[in-house]
Structures are given as C-alpha cells and as structure tokens.
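A quick write-up on the structure given underneath.
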Amino acid sequence: MDVSHLFNELNETQREAVSAGPGPLLVLAGAGSGKTRVLTHRVAWLVQALSVSPLSILAVTFTNKAANEMRGRIEQMLGYPVRGMWMGTFHGLSHRLLRTHWQEAGLKQSFDILDSDDQLRVIRRVLKDLDLDEGYWPPRQVQWFINGHKEEGRRTEHLPQQHDVQQVQMQRVYKAYEEACRRFGVVDFGELLLRAFELLQNHEPLREHYQRRFQHVLVDEFQDTNSIQYRWLNVLAEAHNNIVAVGDDDQSIYGWRGARVENILRFESDYPGTRVVRLEQNYRSTSMILNAANAVIDHNQSRLGKKLWTDGEAGEKIKLYTAFNEVDEARFVVDRAQAWVGTGQPRQSIAILYRSNAQSRVFEEILLDMGIPYRVYGGLRFFERSEIKDALAYLRLLADRESDPAFERVVNVPSRGIGNRTLDAIRGHARHSEQSLWAAGLSLCTGGGLSARATTAVTQFMQLIDELDRKSAHLSLSERTNVVIRRSGLIEHFRKEKGEKGEARIENLEELVNAAGNFNHDADEGVDELLSFLSHAALEAGEGQAEDWEDCVQLMSLHSAKGLEFPLVFLCGLEEGLFPHQRSLQEPGRLEEERRLCYVGMTRAMRSLYVTYAESRRLHGRDLYTSPSRFLREIPSELVEEVRSAVLTRPLPAMLANQSPVGSGSAAMKLGARVRHAKFGDGMVLNLEGQGGHARVQVNFERAGSKWLVLAYANLETI
DNA sequence: GGGTTAACCTTTTTT
DNA sequence: AGGTTAACCC
C-alpha cells in the first residue's frame with residue numbers, strides 16, 4: 001500500500017520516529033513538537049505499511065481524553081473504525097483485563113471500583129475498626145501511604161520490618177485496608193494497576209497469550225509513568241521488545257504522585273538497542289516565547305538535554321506586569337483579554353493559568369463583572385458529585401446486595417430512621433459472622449437482634465431495594481435509573497433541601513438518567529450492562545461542567561494545561577511561595593519540578609505570553625507581601641517587556657492609595673493621587689519609581705494622556 | 001435522628 | 001476566606 005500520505009506532513013525526525021523499524025524506540029518529544037502526530041502516524045504506519053493487524057496493537061495513555069483523541073485521529077487517518085485495537089488508559093485497560101480474568105485475579109465477578117473519595121471512606125471505616133483516632137492518623141495521610149506503596153508495587157507483605165511505632169501502625173492499617181477491600185470486593189485505582197500487573201506476572205499462560213497478542217506496545221506521556229505502570233508495560237513488551245515510548249522529561253510534573261522520570265533513563269538500559277529520536281522543532285510558539293522557556297528550563301540540573309527551536313517568526317516579547325495585589329492582577333489580565341477579543345479573536349484562544357486553583361476566584365469575579373463568558377477547568381466532576389454517587393449506590397445494590405460501601409452510603413439516604421446505633425449493631429454482627437451488611441441486616445431483622453423500630457426501618461429499606469430490583473429489572477438502563485432516583489426517595493429528599501443547591505442536585509440526577517441513556521455498552525465480554533455502567537462512572541468521572549459550547553475564556557491550573565495550546569496565555573501569580581510553591585521549596589527535587597511546570601505553562605503560548613505577579617496577595621484570609629518568583633529572573637531581560645496598566649481610571653483601593661509615597665522634596669506623591677501640571681493639566685498618578693532626585697512618576701492626564709515625568713522637574717501640584 | 005455550631009485545613013490531579 | 005467535617009445539643 002502506498003503510505004506516502006503518512007509522511008507528507010511530517011518533518012525528517014518525525015518521519016524517522018514514525019517509520020523506525022521494530023524494536024524499542026524512545027521518542028523525546030519537546031513541547032509542541034508534534035508528539036501526538038508521531039504517535040498516531042506510527043500506528044497508521046504499522047497498519048498500512050507493515051500490515052500489522054490493529055488487534056495486535058496496544059496503545060496506552062493517561063487520560064480518557066487523550067485516548068479518545070488518539071483513537072479518533074487514527075480512525076480518521078485509516079478511514080475505518082479500529083475495533084479490537086486496545087487503546088485506553090492504564091486504568092481502563094487494567095480494568096478490562098481484570099473483568100475478563102476476574103477468577104485468575106482473585107476477584108469477585110461483580111467487583112466494584114473505588115474512586116479516591118470512596119477509598120477515603122473505606123480508610124475511615126478501617127481506622128474506626130482498629131480503634132485509631134483520626135486526629136493522630138489522618139485518613140488522607142493513610143491514603144497517601146497506601147497509594148504510595150501500591151504505586152511502587154509494594155503490598156503489605158513486601159514492606160520491610162519496621163521498628164518505628166508510626167510505621168508499624170501504618171502498615172497495620174494498610175493490611176487491614178487490603179483485607180477490607182477483599183471482603184467488600186472492591187478495588188481502588190492503584191489496585192487496578194497492581195493487580196493487573198500481578199495477573200500477567202503470575203499467570204504464565206495469560207502472560208504469554210497477551211504477549212503474543214500485543215506485538216506492538218505504545219505509550220504516551222511516558223515521563224508520567226510510575227513504577228508499577230512501567231513494570232506493567234515491561235511485562236507485555238519483554239517478549240518482543242516492540243515498544244514505543246513517547247515523552248518529555250522537561251514536562252514531568254507529576255512526581256508528587258509517584259511518576260518517575262527516571263523511567264526514561266531506565267528505558268535505554270532496560271531495552272538494549274533502543275533507538276532514540278529527539279523531536280526538537282517546535283511548531284507552536286514564537287521564537288521569543290520559546291527562547292524564554294528554554295532559558296528557564298535550562299536552570300534545571302537533571303535534564304536529558306534538548307533544545308527546542310522554531311523557524312517561525314520572532315513574535316512579541318514576553319510581557320511582564322507587576323500588580324499591586326491580586327485584584328489588580330486580575331483586572332489587568334481581564335482588560336488585556338478583552339482588548340484581544342476586541343481585535344476579533346475568539347475568547348477560546350485565551351488561557352489564564354495559575355499554580356493553584358484557589359487563584360481562580362478573583363479572575364472569575366472580574367470576568368463575571370465584565371460579563372465575559374469563561375470556563376473554569378478542574379473541580380468536581382459529574383460522577384463525583386455526592387447525589388450522583390448516592391444514585392449509583394442504589395444501582396450498585398440492585399446489581400449486588402452484598403456491596404457494603406453502597407449499603408453504608410444509602411441505608412439512611414434519604415433518612416429513614418436508621419441511625420448510628422442500628423448501623424453499629426449491623427456492622428458488629430456482620431464482622432462476627434463474616435457476612436455482608438445486607439446479610440447481617442437480614443438476619444438481625446428476622447432473628448430479633450434489633451429494636452422493633454429499627455427492625456421495621458431496616459426491613460423497609462431492604463424491601464425497597466428488592467422491589468426496585470424486581471420492578472425495574474426488565475427496563476432499559478436509563479428507565480431503570482429513572483425509577484431508582486424517584487422511588488428511592490432521592491429526588492424528594494433533595495427537593496426538600498433549601499436553596500438552589502437542591503435544585504442543582506435534582507438536575508444532576510435527571511442528567512444521570514440521560515447519561516445512562518447515552519451509555520453505549522459494547523456487550524463484548526458478556527459483562528452485565530449495569531455493572532459496566534457503574535465501572536464506567538468510576539473510571540471516567542466525566543467533565544467538570546456540563547459541556548457548553550459557548551466561546552469562553554479558559555481558566556485552569558498549570559497542571560491541567562499540559563497538552564493544550566492557546567494563542568494568548570496569561571501566566572499569573574509568579575511569586576515566591578506561590579509559584580514555586582512554598583511546599584516545593586522544602587523537598588529536594590521539587591523545585592525543579594516547579595520549574596518544569598513553569599516551562600509547561602510558558603510553552604502553552606502560541607503567539608503572546610503575559611507573565612504577572614502581585615506585590616501583595618490575600619491568601620487564606622491573610623495579606624502576604626510577596627517577592628517576584630525566581631522564575632521571572634530566569635527569563636533573559638531582553639526577551640521581556642514590562643507593561644503598565646493602561647486603564648487606571650477607577651480609583652485605587654484605599655489601602656494602596658495610602659502606601660509607598662515617593663518622598664522627594666516638597667510634594668510626596670501617592671499612587672492614585674490627583675495632580676495638576678502647568679502644561680498637561682489634571683491627571684492621576686499611575687506609577688512611581690526611583691528615589692530622590694531620580695524619582696519618576698507616571699501620570700495619566702485627562703487631556704494629554706499618560707506621561708512619565710521626573711518628579712524633581714515636573715512641578716506637580718497635588719489637588 | 002436531625003440540625004446547629006465549632007474546629008479544621010488549604011498545591012498540583014487522573015484514574 | 002471559605003468550605004467541609006466533627007462534635008454537640010435538642
């Protein structure tokens with residue numbers, strides 16, 4: 001087959017990567033160098049030029065979004081849907097393996113997936129059972145401990161003997177947690193990966209089967225893989241070594257959650273004969289932006305070394321704005337964004353990026369004020385909302401009465417008089433007789449182990465579930481969901497909730513009915529549709545907000561911005577302690593990760609990049625006086641242009657008007673002061689700089705416009 | 001069992 | 001500051 005079309009739109013190094021012969025290939029792909037393009041073309045090339053069957057290709061990504069995008073682009077290129085090609089996230093593919101081989105994996109068929117929220121609940125439960133005080137054993141810390149070990153592939157039996165009381169206790173909790181998960185038949189995110197890995201590792205026939213099947217393994221965002229993900233890949237690729245890893249060490253920003261950049265270094269030694277291709281030509285940004293980003297990342301010691309270049313235009317300098325405070329910063333940004341939109345650019349071409357999500361608030365307020373549509377990324381996603389999880393818990397109980405987490409979640413939602421006393425009795429009985437809460441509840445109700453009132457309440461709850469099941473069993477998934485949210489009393493429950501919150505929850509529940517209707521279940525491995533939907537909900541939490549296609553300014557954290565690009569980018573809050581973040585300054589190595597984050601942020605910009613910082617910032621209800629981020633100093637000054645606010649027509653906040661007077665001779669000038677000039681007339685002080693005889697002041701004159709004047713000669717009169 | 005107040009915590013996030 | 005969660009009282 002003629003495959004020249006695959007190469008037409010590629011440069012030389014990209015071609016080299018796409019058409020490299022079999023064997024290990026490491027593609028070090030700088031920001032904006034066409035990484036996804038290489039990956040998708042590589043797959044198309046395997047299929048069209050080498051006649052590789054899509055069935056024998058496995059492509060792994062980190063997010064569902066990336067996986068879907070890749071699939072779409074490949075199908076577009078090939079011109080037909082590639083069913084049978086395994087393409088998805090590490091978690092999604094692990095899940096698929098475990099569903100198929102649940103017996104070999106030692107799971108129950110209807111095993112449930114815990115998201116981090118559910119995981120925390122189970123941990124709380126375990127701490128309680130062990131009689132440990134949450135004050136001394138913060139559940140989050142326990143969660144971090146457990147996940148950290150799972151990411152490294154360590155189960156409790158692999159942990160070294162400890163003498164430190166703290167450690168011993170932690171290990172005890174980990175052990176009890178594992179035991180609880182086994183009892184409940186639940187699997188957390190880390191467990192999905194670890195267990196799938198162990199499945200392949202320990203079951204030779206299965207391993208050989210999948211090794212034979214997946215003749216070609218491809219990974220995206222390789223710098224983000226953690227230990228267990230790397231081993232997961234190895235076990236599949238070790239038989240044939242046909243593995244393509246694409247990544248960028250300079251964009252490794254997930255070290256804090258277990259990602260190991262070292263995997264990139266290990267790759268070459270683990271796969272002798274690895275061909276390394278560097279993609280260094282950038283197609284995204286102007287050379288000004290690229291040079292600035294290169295200069296910043298150059299301050300990192302541990303790098304594989306890569307220098308992005310572009311043959312595109314130089315473009316504008318990086319614009320630096322020093323704001324008085326976070327409100328001024330936001331005003332400036334929004335003002336410039338509006339000006340950009342005024343030139344006919346879509347709002348979607350603008351991104352406001354920040355280090356931490358808390359920073360979005362001020363921007364939102366001002367955008368709202370100005371009536372500019374915006375969208376904030378991050379935050380609660382659809383399937384993570386509590387009302388949705390309540391409804392899903394009911395559905396789970398329909399599919400599996402023995403699910404303790406689901407039972408706990410909704411026995412008393414809406415409240416039906418089953419309180420802690422009753423629940424404790426059921427829990428105790430369940431523990432002793434080693435059965436599920438459902439079974440324990442049943443036996444207590446018939447055996448008379450509960451008060452008459454409690455017995456009625458619990459019996460009614462169980463009858464409700466049985467009845468829901470019976471009456472909805474023959475219905476479609478969405479009708480079934482509809483019946484459940486109504487007859488369970490959930491809708492009624494939230495209707496009573498005061499305020500708009502309850503309404504929103506009801507809307508979300510209705511939306512869940514739609515989501516169930518839109519869910520297309522590929523009845524492949526004979527998995528029940530309902531169970532499949534529940535897994536889907538856990539694995540793909542859905543977008544943060546209902547997808548509205550209005551043209552919006554984009555607000556997001558630097559982490560969420562990875563992989564995206566925008567013509568105009570505002571990188572905000574470049575202050576020591578905020579970015580780089582305070583907590584990164586303590587731990588070694590973290591500062592370099594912060595710098596990579598800065599690099600990621602800068603390289604999102606295509607045409608225009610603004611960096612801003614505030615001299616004072618209100619954070620956690622306290623005013624901080626900040627100093628500019630070290631990253632700002634790392635940008636060569638010849639690439640930077642300092643800009644001043646052009647729109648200080650509104651009065652300055654009182655606090656600012658009273659501070660930093662530049663004392664020189666007679667008149668002490670203050671920001672925001674009204675002044676009169678013999679020739680220019682009246683105006684307002686916008687800016688002050690310098691000391692003594694060199695002090696200069698910027699005044700916005702009503703008639704003459706904005707001017708810089710040397711204070712000593714200007715003879716300004718304050719009015 | 002439900003509602004109200006008091007203490008707490010706050011980087012980044014996907015699965 | 002703001003939101004969530006835990007203890008506390010009715």
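Protein chains get the first letters and strands the later ones, always in sequence-line order, with residue 1 at the start of each.
- Relative ring orientation between A:F519 and A:H536 is described as tilted, the plane-to-plane angle lying within the 30° to 60° band.
- Contact annotation for A:L578: no contact, since no heavy-atom pair falls under 4.0 Å across all strands.
- OP1 or OP2 of B:dT13 has at least one side-chain nitrogen or oxygen of A:N357 nearer than 4.0 Å.
- Following rounding to the nearest Å, A:L619 (CG) and B:dT12 (P) show an atom-to-atom distance of 11 Å.
- Using a 5.5 Å limit on the distance between ring centres and a 30° limit on the angle between planes, the aromatic ring of A:H581 counts as stacked on the six-membered base ring of B:dT11.
- Distances shorter than 4.0 Å separate some side-chain N or O of A:S415 from OP1 or OP2 on B:dG2.
- Under 3.5 Å, the side chains of A:D623 and A:S616 contain no donor-acceptor pair of N or O atoms.
- For A:L130, the side-chain contact (heavy atoms from CB on, under 4.5 Å) test picks out A:V126, A:L132, A:R172, A:V173, A:A176, with sequence neighbours left out.
- For the pair A:D115 CG and B:dT13 P, the interatomic distance rounds to 16 Å; values are reported in whole Å.
- At a threshold of 4.0 angstrom between heavy atoms, the contacts of A:R124 are confined to the sugar-phosphate backbone, with no base atom among them.
- Using a 4.0 Å heavy-atom criterion, one finds that A:R361 contacts the sugar-phosphate atoms exclusively.
- Base engagement by A:S116 is indicated by at least one non-hydrogen atom pair under 4.0 Å involving a base atom.
- A:R618 comes within 4.0 angstrom of the backbone, heavy atoms only, and of no base.
- Among the protein residues, A:F90 comes within range of no part of the nucleic acid, since none of its heavy atoms lies under 4.0 Å from any strand.
- Checked by atom type, the side-chain pair A:N226/A:R260 shows no donor-acceptor distance below 3.5 Å.
- One finds a side-chain N or O of A:S557 lying less than 4.0 angstrom from the OP1 or OP2 phosphate oxygen of B:dT13.
- Look at A:W256 and the base of B:dT12; the rings stack, centres closer than 5.5 Å and planes less than 30° apart.
- Looking at which nucleotide of DNA chain B each of A:E593 and A:E540 is closest to, the 5′-most match is held by A:E593.
- For B:dT14, the base has no donor-acceptor partner in the side chain of A:T89 [N/O atoms by modelled type, under 3.5 angstrom].
- Residue A:D188 is out of contact with every strand shown, counting any heavy-atom pair closer than 4.0 Å.
- Computed from coordinates, the A:L114 CG to B:dT15 P distance equals 17 Å when rounded to whole Å.
- To the nearest angstrom, P of C:dT4 lies 9 Å from CG of A:L380.
- Using a 4.0 Å cut-off between a side-chain N of Lys or Arg and a carboxylate O of Asp or Glu, A:D390 and A:R409 qualify as a salt bridge.
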